[in-house]
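Before any comments, here is the structure.
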Amino acid sequence: MIIYFMCFILFLVGLYGMVTRRNLIKIVISFTIMEFSIFLFFALIGYIDQGYAPILSQNVPEQATFVDPLPQAMVLTAIVIGLATSAMLLAIAIRLYKKYGTFNIRKINNLRG
Amino acid sequence: MTHLVPLYVILPLATAFLIPVIGRMVKGFQKTLFSAVLLFLTVLTFYILFSGVDQPVAYKIGGWEPVAGVPIAIYLVMDGLSALVLLIISLIGFLAGFYAISYIKRYTAENNFYALLALMIAGMNGVVLTGDMFNLYVFLEIAVIASYALVAFGIERTELEASFKYQVLGGVASLLILLGVAMLYWKTQTLNMAHISQVLAQSENNAFLTFTQILLISGFGLKAAMIPFHAWLPDAHSSAPAPISAMLSGVLIKAVGVYALLRLFFNMFAIDFQISLVITAIGTLSMVIGVLLAIGQWDLKRLLAYHSISQMGYVVIGVGMGMILLVEGGDRSVASLAIAGGLFHLINHAVFKGLLFLNAGAIEHVTGTRNLKMMGGLFKTLPVTSTTSLGASLSISGIPPFNGFFSKLIIIVAAIQGEFYLLAALAVVVSIITLASFMKFQRYAFFDQPKFSKKIREVPFTMRFSMIVLVILCLGLSLLIFPGVREIILSPAVDVLMETTNYATTTLTGM
């Protein structure tokens with residue numbers, strides 16, 4: 001059970017970083033931490049104690065329990081999507097740096113109201 | 001007909017792939033292909049609507065049949081509600097793409113623009129059709145990542161800033177949705193929405209499920225920019241190129257936000273009193289606060305963006321009232337009326353808000369400004385733009401005989417019959433404030449003293465065409481209140497939401 005709480009704490013760490021940091025790159029890093037805490041949670045859902053990897057081979061006993069492969073497949077998909085999101089965020093952050101000459105979000109504030 | 005369903009995802013996706021590959025060799029390829037595909041999808045949706053969508057049609061990707069009653073394939077489900085939203089997506093998508101033919105000349109990368117737009121449409125069509133929770137997340141990300149890039153398309157200071165803000169908040173929303181999907185899978189061991197609904201019906205309602213519902217409401221609420229979650233919308237919608245603003249405000253917040261909420265909370269979860277109260281409360285807040293924030297705006301597109309929040313509030317209260325009545329066992333005909341009003345307003349908002357953003361783009365195209373104080377006297381020089389925007393303004397403010405009047409009327413009548421007197425009063429007041437706000441727009445943009453010394457001309461043909469078609473739709477959609485037309489387009493969607501558990505049973509057993 002403790003591991004689920006650790007996972008949740010990781011989520012909160014990411015959220016804290018996203019809310020308090022001012023540097024664009026640090027915001028992206030915090031976002032990625034949040035994202036990976038959820039991927040970890042996904043992987044945990046499918047985990048079964050003493051379970052085998054869901055691959056049929058000669059070494060696996062007849063009555064073995066397998067871990068659930070579906071969350072693993074979903075995590076793989078979600079990681080790829082996460083890659084696209086992070087790449088997009090970083091690309092925009094670099095463009096912003098070229099325009100403003102700073103990563104500080106307090107100085108990037110044209111949009112108000 | 002089953003085999004026509006995946007075309008909604010395949011065709012735009014193939015368009016998005018082919019445009020960058022062939023578009024750079026063949027001149028004009030991107031515009032032709034995009035318009036042709038979207039026009040075909042619009043016609044196809046009309047064909048499906050007219051041939052009747054009483055029963056959901058499920059297409060199983062890969063042809064995997066259920067094993068021992070457990071669905072294992074990803075389902076694409078076409079029913080009345082999906083068809084309605086698909087119609088909005090294809091129609092507004094086609095008109096925005098056609099409008100962009102002239103508008104986009106100011107940017108350099110036409111191929112990228114059309115490819116991203118097609119990708120966004122593929123994602124939205126997928127969200128609307130899918131019957132699988134994780135697939136919903138994947139299509140949603142396809143749609144929103146394309147929209148992040150499109151918001152930043154101008155790559156100037158404000159565009160980039162708006163896109164970053166949008167991405168961070170949109171990313172959090174996606175994560176909340178993903179967490180919700182994980183929780184659902186944990187609880188039910190399945191991802192098919194219809195199957196989840198059946199599994200949940202057998203288990204008791206507990207704190208775990210409530211937590212999941214809150215996660216999903218927050219996630220999709222952020223995507224729909226309902227009021228506590230609205231911070232990104234005015235920036236993103238006002239910074240994007242005009243056809244994209246029309247797509248974002250007119251379609252995206254509905255397809256990935258409100259539609260997903262409706263589908264999940266009516267058809268997947270058993271409808272629940274507290275949740276329906278939360279949804280109605282969020283809708284009321286959006287309706288009132290959105291319009292109050294809009295009053296003080298002088299940037300034309302920002303003003304329109306705040307009105308989007310407010311008008312989506314009407315949609316949500318209409319549906320939310322229906323949900324409360326259904327849970328409480330109130331009068332079913334009143335519930336049906338409230339839901340019909342909400343969905344009717346959803347179509348109407350797509351049409352008139354799309355048109356208003358296209359008008360704003362036309363004004364910006366010829367004058368180079370979005371500030372209302374800098375405009376004035378455009379009525380003589382831009383006759384088409386000003387006439388169409390007058391139509392759209394009357395429509396959004398709820399003046400008969402435009403469509404906005406009828407949908408607001410249905411919502412208010414349903415609120416009075418269902419004894420939600422406060423909501424009815426608020427809806428009337430908000431409508432009046434909206435009228436005031438759009439009178440300001442009309443006066444400052446079109447009827448004041450001219451402030452331009454340079455010569456300006458009316459916008460090119462493709463831009464005029466899209467605006468004229470939309471203003472005709474603003475008038476024509478009023479016909480939806482008459483029984484003959486309503487039963488083809490609106491009633492199937494209302495039935496899907498009224499018969500909440502029907503979706504699960506027919507999707508699983510029907511085919």
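Lettering follows sequence order; numbering is per chain, from 1. Heavy-atom basis, side chains included; hydrogens, waters and symmetry copies ignored. Treat the numbers as computed from the prediction; the structure is a model and nothing was measured.
- At least one side-chain heavy atom of Ile81(A) sits under 4.5 Å from a side-chain heavy atom of Tyr137(B).
- Interface remark: Ile142(B) contributes no atoms to any contact with chain A (heavy atom separation under 4.5 Å).
- Tyr100(A) places none of its side-chain heavy atoms less than 4.5 Å from the side chain of Leu160(B).
- Centroid-to-centroid, the aromatic rings of Trp186(B) and Tyr4(A) come within less than 6.0 Å.
- Counted within 6.0 Å of OH on Tyr97(A), heavy atoms from surrounding residues, nucleotides or ligands total 12 or fewer; the atom is thus considered open.
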Start with the C-alpha distance between Glu156(B) and Lys99(A), add both sets of side-chain angles, then the distance that settles side-chain contact (heavy atoms from CB on, under 4.5 Å), and finish with yes or no.
-> CA-CA 8 Å; Glu156(B) 288 302 323; Lys99(A) 293 277 174 196; 4.0 Å; yes
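- Residue with the most contacts toward chain B among Leu70(A), Leu15(A), Leu44(A), Leu96(A): Leu96(A) (heavy-atom pairs, distance under 4.5 Å).
- Residues from residues 16-26 of chain A that place a non-hydrogen atom less than 4.5 Å from a non-hydrogen atom of chain B comprise Met18(A), Leu24(A), given in numerical order.
- Looking at heavy atoms from C-beta onward, Leu178(B) lies out of side-chain contact with Met74(A) at the 4.5 angstrom threshold.
- Across Phe31(A) and Val168(B), no two heavy atoms sit closer than the pair CE1-O, 4.4 Å.
- Ala231(B) does not touch chain A: none of its heavy atoms, backbone or side chain, sits under 4.5 Å away.
- Both the backbone and the side chain of Ala162(B) come within contact range of chain A, judged by heavy atoms closer than 4.5 Å.
- The heavy-atom pair separating Glu161(B) from Ile108(A) by the smallest distance is OE2-O, 3.2 Å.
- Shown here is Trp64(B), whose CH2 atom has no more than 12 heavy atoms of other residues, nucleotides or ligands within 6.0 Å.
- The choice from Met183(B), Gln189(B), Gln167(B) that makes the most heavy-atom pairs within less than 4.5 Å of chain A is Gln167(B).
- Annotation: maximal heavy-atom pairing with chain A below 4.5 Å, among Leu175(B), Leu179(B), Thr158(B), occurs at Leu175(B).
- By the 6.0 Å contact criterion, CZ on Arg157(B) is enclosed, its count of non-hydrogen atoms from other residues, nucleotides or ligands being greater than 12.
- In terms of heavy-atom proximity, Ala84(A) sits nearest to Ile145(B) at CB-CD1, 3.9 Å.
- Closest non-hydrogen pair, Ile45(A) versus Tyr185(B), comes out as CG2-CD2, 3.9 Å.
- Using a 4.5 Å cut-off between heavy atoms, Val172(B) touches chain A through backbone and side chain atoms alike.
- By the side chain to side chain contact (heavy atoms under 4.5 Å, CB included) test, Thr32(A) pairs with Val28(A), Glu35(A), Phe36(A), Ser86(A), sequence neighbours left out.
- Atom CD1 of residue Ile38(A) and atom CG of residue Leu176(B) lie 7.0 Å apart, to the nearest 0.5 angstrom.
- When heavy atoms are compared at a cutoff of 4.5 Å, Ala91(A) does not approach chain B at all.
- When the shell of 6.0 Å around OH of Tyr107(B) is examined, it contains more than 12 heavy atoms from other residues, nucleotides or ligands.
- In this structure, OH on Tyr166(B) lies 12.0 Å from CD1 on Ile92(A), to the nearest 0.5 angstrom.
- Neither the backbone nor the side chain of Glu159(B) comes within contact range of chain A, judged by heavy atoms closer than 4.5 Å.
- At most 12 non-hydrogen atoms from other residues, nucleotides or ligands lie less than 6.0 angstrom from CD1 of Ile3(A).
- When heavy atoms are compared at a cutoff of 4.5 Å, Phe134(B) approaches chain A solely by way of its side chain, counted from C-beta outward.
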